[in-house]
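Right, one structure below, let's go through it.
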Amino acid sequence: MKQHKSLQVLGIESSCDETAIALVANGLEIRANVIASQAELHARYGGVIPEVAARRHIELLSPLLAEAMAQSKAAWCDLGAVAVTRGPGLAGALLVGLMAAKGIAWSLGLPLIGVNHLAAHIWANRMHEADLPLPFQCLLVSGGHTALVLVKGPTSMVTLGHTRDDAVGEAYDKVARLLDLGYPGGPAIDRLAQTGDPQAFALPRAWLEGTWDFSLSGLKAAVRRLVERHRLAGIPLAVADLAAAFQQAVIDVLVNKTINAALAHGVTTIAIAGGVAANSTLRATLGAACAQRGWKFSAPPLALCTDNAAMIAGLGYECLLAGRQDSLTVGVLPRWPL
Ligand code: KG4
Ligand code: ZN
């Protein structure tokens, strides 16, 4: 039998506050996936400070690279390509990863592939489940982006709608700050909401009928008004109830619009991607809505939902197969739509 040599791709991710390196064989087999979160460093500011993030990426990249290579037991000469997040993200942070990737690609004579971070989040679904049928519709919910995307292939994704203001993760983080729950706020609200009553507060939902777009600023403002009113009146706030009501308002709209968009486009496979895809109630609610219709639902494991470099290497491999490769002179793309 003919033996196919595996193609190992080194992935580098540094678009925000996570420095991550991975080694993935044939786009699917994760041989190493290491990540260093800077969340603690930024927690005191309640959000990511771009210059601080970029400087920390510089400090973390080399030791993480050594760790990933050791974990994978691969030698440098085993690498077949270098994939790196080119955007969207923080310019300074992206630059650190791209420069490292260029240095490695140049010194080893390997192809360099600049990867779209959002497309990689989405493609994590196919890395998790290699036979997930195409096309599928993906709800992309991260700290910086919220979109409904029709996925025809690794290099063919169509945005059906997106947020007109805050991203879902951003709304979680801002509401968490209002409720003094710290940063990042998503996991804290997720945990607290489990113990609250979602019916305790009536919060608005922006349906934006006739579009597949989203809007979260009205909901965020409603939470702020409630918090201020309670503070001014000296009434204790039922924080768990408010967290649950906020989460319910977000999920109602996300799930409803995802299902309706799929009906409109005749798609029966639904996927979820991005950091907020780690949310337990969102996964359960969307999963149940799909099951009710006999549709397929895919949700990557948590480690592939939040920022990681395995997804960068995985999509980088697909781009390489599709004949895409970048020159060593490419720059970062801080604003790079799908
Ligand atoms: O995709 P990601 O790791 O980074 C970006 O590319 O933005 O997403 C980070 C976002 C943060 O806003 C964080 O609060 C949110 O994902 N997040 C969650 C959960 N875990 C992370 N939001 C809701 N529930 C969670 N369990
Ligand atoms: Zn991300």
Side-chain angles (χ1 to χ4, degrees), residues 11-20 22 33 35-40 42-43 45-48 50 53 57 84-90 93-94 97 115-125 138-147 149 162-163 166-179 181-194 196 216 219-220 243-244 246-251 254-255 271-286 299-312 314-315 334-338:
I12 301 179
E13 155 65 36
S14 69
S15 64
C16 190
D17 64 342
E18 257 110 20
T19 322
N33 191 17
I35 181 156
S37 171
Q38 305 180 8
E40 247 173 61
H42 301 282
Y45 308 110
V48 179
H57 283 308
V84 60
T85 306
R86 206 180 152 197
L90 305 169
L94 288 165
V115 170
N116 182 301
H117 180 89
L118 306 176
H121 266 304
I122 293 170
W123 199 249
N125 280 282
C138 187
L139 173 66
L140 170 67
V141 272
S142 75
H145 297 85
T146 297
V149 181
H162 51 76
T163 181
D166 290 356
V168 176
E170 186 183 357
Y172 265 89
D173 293 337
K174 287 177 177 169
V175 165
R177 190 145 45 146
L178 284 170
L179 301 179
L181 297 176
Y183 171 86
I189 292 187
D190 190 4
R191 267 192 310 275
L192 194 61
Q194 310 298 327
L216 287 125
L219 173 61
K220 182 188 65 188
F246 162 76
Q247 177 154 289
Q248 193 61 53
V250 171
I251 291 176
L254 291 180
V255 171
I272 190 166
V276 186
N279 186 277
S280 53
T281 310
L282 178 58
R283 290 167 87 95
T285 314
L286 191 52
L302 299 196
L304 283 181
C305 283
T306 45
D307 284 349
N308 67 87
M311 66 183 192
I312 304 300
L315 184 57
R335 291 177 191 279
W336 186 8
L338 272 175

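Order of listing sets the numbers, starting from 1, for every ligand and every atom in it.
In this structure, the side chain of Asn125 engages the main chain of Ile122 through a donor-acceptor pair within 3.5 Å. Side chain of Ser15 to main chain of Gly89: no donor-acceptor pair is present (N/O by atom type, distance under 3.5 Å, no hydrogens or angles).
Here the shortest heavy-atom pairing between Leu304 and Ala310 reads CD2-CB, 4.0 Å. Taking all atoms of both residues into account, the shortest heavy-atom contact from Leu178 to Lys220 is CD1-O, 4.2 Å. Smallest separation of non-hydrogen atoms from Ser142 and Ala167: O-CB, 3.7 Å. When all heavy atoms are compared, the tightest approach of Arg177 to Tyr45 is NH1-O, 4.1 Å. Heavy-atom minimum distance, Pro337 versus Asn116: O-ND2, 3.5 Å. Heavy atoms only, all atoms of each residue included: Ala93 and Cys16 are closest at CB-O, 4.1 Å.
Taking the centre of each ring, Phe246 and Tyr172 come in below the 6.0 Å mark.
For the residue pair His57 / Thr19, a side-chain donor-acceptor distance below 3.5 Å is found, with atom types taken as modelled. For the residue pair Ser280/Gln194, the side-chain donor-acceptor check at 3.5 Å is satisfied.
Cys305 places a side-chain heavy atom less than 4.5 Å from the side chain of Pro300. By the 4.5 Å heavy-atom criterion applied to side chains, Thr281 and Gln247 are counted as neighbours. Using a 4.5 Å cut-off on side-chain heavy atoms (C-beta onward), His145 and His121 make no contact.
Neighbours of the Zn ion (ligand 2) restricted to protein N, O or S atoms under 2.8 Å: the count is 3.
Per-residue contacts place Gly169 under 4.0 angstrom from the following atoms of ligand 1 (heavy atoms of the residue considered): 12 (O). If you number the atoms of ligand 1 from 1 as listed, the ones under 4.0 Å from a heavy atom of Gly144 come out as 7 (O). Short contacts between ligand 1 and His121, defined as distances under 4.0 Å to a heavy atom of the residue, involve ligand atoms 1 (O), 6 (O).
Proximity annotation for atom 15 (C) of ligand 1: of Leu302, Val276, Thr281, Val276 comes nearest, heavy atoms only. Across the listed options His117, Lys174, Arg283, Glu18, His117 owns the non-hydrogen atom lying nearest to atom 6 (O) of ligand 1. For atom 8 (O) of ligand 1, the candidate residues are Gly143, Ser280, Gly47, Gly185; the nearest heavy-atom contact is made by Gly143.
Where the criterion is an N or O separation shorter than 3.5 Å, residue side chain and backbone included, Cys305 fails it with respect to ligand 1. At least one N or O atom of Gly186, backbone or side chain, sits closer than 3.5 Å to an N or O atom of ligand 1. Backbone and side-chain nitrogen or oxygen atoms of Thr306 are examined, and none is located within less than 3.5 angstrom of a nitrogen or oxygen of ligand 1. Residue Gly275 has at least one N or O atom closer than 3.5 Å to an N or O atom of ligand 1.
If you check which protein heavy atom lies closest to atom 3 (O) of ligand 1, you get Asp307 N, 3.1 Å. Protein heavy atom at the shortest distance from atom 26 (N) of ligand 1 is Asp190 OD2, 2.9 Å. Closest to atom 11 (C) of ligand 1 among all protein heavy atoms lies Asp173 OD2, 3.6 Å. At the shortest separation from atom 24 (N) of ligand 1 among protein heavy atoms lies Asn279 ND2, 3.0 Å.
Under a 4.0 Å heavy-atom criterion, Arg191 is not in contact with ligand 1. Ligand 1 is approached by Pro187 to a heavy-atom distance shorter than 4.0 Å.
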